[in-house]
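Just below is one structure, and these are the notes that go with it.
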There are 2 protein chains.
Amino acid sequence: MNNPELRYQALLTTLHERGSRLTSHRLALIRLLSTSEGHPNAMQLYESLRLQFPTISLATIYKTLALLKDEGEVLEIDLHNDSHYDGNKPYPHPHLICTQCHKIFDGDEITAIQKINQEIEDRYNFQISRHQLVFYGMCWECREKTDR
Amino acid sequence: MNNPELRYQALLTTLHERGSRLTSHRLALIRLLSTSEGHPNAMQLYESLRLQFPTISLATIYKTLALLKDEGEVLEIDLHNDSHYDGNKPYPHPHLICTQCHKIFDGDEITAIQKINQEIEDRYNFQISRHQLVFYGMCWECREKTDR
DNA sequence: TTTCTTTAGAGAATAATTATCGAAATGAAT
DNA sequence: ATTCATTTCGATAATTATTCTCTAAAGAAA
């Protein structure tokens, strides 16, 4: 139950406290990040913002995303030469990607991750700091469509 | 307990049965893939092969890797704009990447993955076909060095 | 207001990867 | 065995996501 307005305020505050300038381009970007449900990539954000701000540049998108990422307010999902971004759940969590409809789903309710983390620490004596977990397959919607 | 010679023969056979030409460049590449313990990227393979074959091109590396990947004999590990390749364990398995020494470790003995898979199928009704799981952190060697 | 310092952002540059296309190799037909 | 037709190899050129650079603007200090 993510509240877009709260999220917007959080991102705003983070940039403000950091001493970063809150330009109209940046405000529009964090507005977009906090309200969009999906997991857009830089180009999608760019295309969307360009409607309202024809002079905005892709570099601005990337730079602001990097800023927010450094502050831990945005999660980068590193796919094959195509990073997508999550401004609503910035903590590392699994993603499910449908190979049929190409939607990206959050798998942030999976509890068995604890077990994996534990096993990795125990078996390999490896201290995990973060992870990137992507599962490819078919989502329930596409399964229904295909099955019948 | 991977036998490099067996692995080499397997890759060789795959390419042969596929009707692909077995040029000296390709033979050298699959030799390298089957004998190297690590997880090289295209540039590393290129630099290594160039010592013996000064005229080999990066595109040849990429093309042959794509071929082997299609045949399921090589696993691509997609890191941030830098794919690495595993010619010894071509099935999807977790990787542990040390943020200190940047080594890539295989986490192919982790049993809790079954639980995650099960949970994803149950909770999200999502049918997994493959995954890419990367855990970042500190390996046991670097932990020892750092701790004392 | 004027000067000084820092940051934003547009365009240029970079680097990993992929597409193109001439050349070489393979197999068929004579 | 030799020529022809077809495939595919692989070097160079092109592409594309991302990052760097440098000018201009914003804010701070005087």
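Bear in mind that the values here come from a model prediction, so they are computed numbers and not experimental data. Below, chains carry the letters A, B, ... as their sequence lines are ordered, and counting in each starts from 1.
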Sugar-phosphate only, base, or nothing, as touched by A:S57 at under 4.0 Å among non-hydrogen atoms: base
N-O pairing of A:R31 and A:E5 below 4.0 Å: yes
N/O donor-acceptor pair, side chain A:R21 with base C:dT6, under 3.5 angstrom: yes
Most 5' of B:R18 and A:D78 on DNA chain D, judged by nearest nucleotide: B:R18
Over all atoms of both residues, closest heavy-atom pair of B:C98 and B:M138: SG-CA, 4.0 Å
For atom CD1 of A:I77 and atom C1' of D:dA17, their distance in whole Å: 16 Å
Stepwise side chain to side chain donor-acceptor pair (under 3.5 Å) test for B:H84 and B:D82: CA-CA 6 Å; B:H84 287 246; B:D82 181 27; 2.9 Å; yes
Sugar-phosphate only, base, or nothing, as touched by B:T64 at under 4.0 Å among non-hydrogen atoms: nothing
Side-chain N or O of B:S83 closer than 4.0 Å to phosphate OP1/OP2 of C:dA16: no
Whole-Å gap separating P (D:dT8) and CG (B:L15): 13 Å
Upstream residue (5' side of DNA chain C) when B:K63 and B:N81 are each assigned their closest nucleotide: B:N81
Nearest-nucleotide pick for A:M43, side chain only, options being D:dA17, C:dT17, C:dG11: D:dA17
Between C:dT7 (C1') and A:H16 (NE2): distance, integer Å: 16 Å
Value in whole Å for how far the P atom of C:dA16 lies from CD1 of B:I61: 14 Å
Nucleotide C:dA25, atom C1' - distance to NE2 of B:H25 in whole Å: 14 Å
Gap between atoms CG and P, on A:L22 and D:dA26 respectively (whole Å): 14 Å
A:E73 and A:R18 ion-paired at < 4.0 Å: no
